[in-house]
Asks: 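One structure is given below, represented as structure tokens, and several questions about it will come after.
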Amino acid sequence: MTAPTPLIAGNWKMNGLTAALDEARKIAAGAGAAKGRVAICPPATLLQRLGQAVAGSAVLTGGQDCHPEPAGAFTGDVAAEMLADAGAALVILGHSERRAGHAETDALVAKKVLAALRAGLEPIVCVGETQAQREAGHALEVVTGQVRGSLPAELSGKAFCVAYEPIWAIGTGLTPTTSQIEEMHRAIRATLRATFGAASDPAPILYGGSVKPSNAAEILHAAEVGGALVGGASLKADDFLEIAAAL
Ligand code: PEP
């Protein structure tokens with residue numbers, strides 16, 4: 001099996017004004033020491049300037065969402081081509097905050113994945129169960145169903161990541177046990193294998209949900225964990241670099 005290329009990606013969500021570029025510069029100064037790839041996904045307003053601020057470093061940039069269409073009358077939306085034009089290499093798709101707050105379905109996420117591929121972006125496709133779904137014993141079936149529904153066949157042979165983000169762990173300080181993470185990541189890997197065969201082996205499966213310096217090493221060394229999608233802790237350069245150093 002081809003080993004996945006690990007990635008530590010920071011999701012800044014709707015945070016960051018011009019002053020935040022100083023944190024990005026600090027991340028850029030330290031990112032070269034990480035054993036995998038390091039990315040920052042800032043709000044779209046900062047994407048181009050952040051790319052310029054980290055130019056010449058190991059830091060990649062990414063968007064947080066894109067519209068399925070390349071252009072048109074879609075007020076407030078951003079096309080994958082626009083993200084690429086602003087220097088992005090990656091794009092987060094299907095984040096639970098978009099699935100919940102913008103009624104995004106697996107089918108819509110799959111269309112956005114196609115848009116990302118069209119624009120030459122590497123999609124980071126997010127999946128994850130609610131607390132109620134886990135308590136009802138449905139976590140595995142919910143998440144593997146999201147993987148099947150959100151990843152179109154066209155991803156075969158392309159660079160992509162899956163991010164397992166239990167919704168109850170996002171921004172809450174709660175994290176699953178290592179064995180819960182490993183069980184889910186193994187199930188996602190098996191689903192990718194069943195769908196794409198060995199072509200999906202290089203795709204890292206990231207964990208996301210309250211990753212911080214104190215728990216990063218244990219999470220990142222768990223079986224089938226190929227990196228992390230980091231929210232809150234990615235806003236502070238020192239914390240984010242400490243997480244990246246734990247790879
Ligand atoms: C996220 O929203 O992608 C995330 C993982 O957030 P946090 O690290 O803050 O839980």
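Atoms within a ligand are numbered from 1 in the order they appear, just like the ligands themselves. Because only heavy atoms are used, hydrogens play no part in the values below, and waters and symmetry mates are left out as well, while side chains stay in.
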Asks: Considering only heavy atoms, which of G171, S234, A163 lies nearest to atom 10 (O) of ligand 1?
Replies: G171

Asks: Considering only the protein, which heavy-atom contact is closest to atom 2 (O) of ligand 1, and what is its distance?
Replies: K13 NZ, 2.5 Å

Asks: By the definition salt bridge (Lys or Arg N to Asp or Glu O under 4.0 Å), identify the one residue from R193, R186, R189 that meets it with E224.
Replies: R189

Asks: I need the contact type for I170 against ligand 1. Using non-hydrogen atoms and a strict under-4.0 Å cut-off, is it side chain, backbone, both or neither?
Replies: both

Asks: Can you tell me the protein heavy atom closest to atom 5 (C) of ligand 1 and the distance?
Replies: E165 OE2, 3.0 Å

Asks: Does ligand 1 have an atom that lies less than 4.0 angstrom from a heavy atom of A169?
Replies: yes

Asks: Looking at S150, P123, P152, which one forms a side chain to side chain contact (heavy atoms under 4.5 Å, CB included) with V109?
Replies: S150

Asks: Please report whether ligand 1 has a polar contact with T172, defined as an N or O pair separated by less than 3.5 Å (distance criterion only).
Replies: no

Asks: Could you check whether any side-chain N or O of E141 sits under 3.5 Å from a backbone N or O of H138, counting only pairs where one atom can act as donor and the other as acceptor?
Replies: no

Asks: Around atom 8 (O) of ligand 1, find the nearest protein heavy atom and jot down its residue, atom name and distance.
Replies: G231 N, 2.8 Å

Asks: Would you call the rings of H185 and Y164 parallel, tilted or perpendicular, taking 30° and 60° as the class edges?
Replies: perpendicular

Asks: Which atoms of ligand 1 are found less than 4.0 Å from any heavy atom of G209?
Replies: 5 (C), 10 (O)

Asks: Starting from atom 9 (O) of ligand 1, which protein heavy atom do you reach first, and at what distance in Å?
Replies: G232 N, 2.9 Å

Asks: Determine whether H95 and E165 make a side-chain contact, defined as any pair of heavy atoms from C-beta on separated by less than 4.5 Å.
Replies: yes

Asks: Less than 4.0 Å is my threshold; does some heavy atom of K212 fall inside it relative to ligand 1?
Replies: no

Asks: Classify the contact between A233 and ligand 1 as side chain, backbone, both or neither, using a heavy-atom distance cut-off of under 4.0 Å.
Replies: neither

Asks: Write out the residue and atom name of the closest protein heavy atom to atom 1 (C) of ligand 1, then the distance separating them to 0.1 Å.
Replies: H95 NE2, 3.2 Å

Asks: Which atoms form the tightest heavy-atom contact between T195 and T191, and what is the distance?
Replies: OG1-O, 2.7 Å

Asks: Give me the atom names and distance for the closest heavy-atom approach of A115 to H67.
Replies: CB-O, 3.7 Å

Asks: Side-chain contact, heavy-atom cut-off 4.5 Å: I40 with S234?
Replies: no

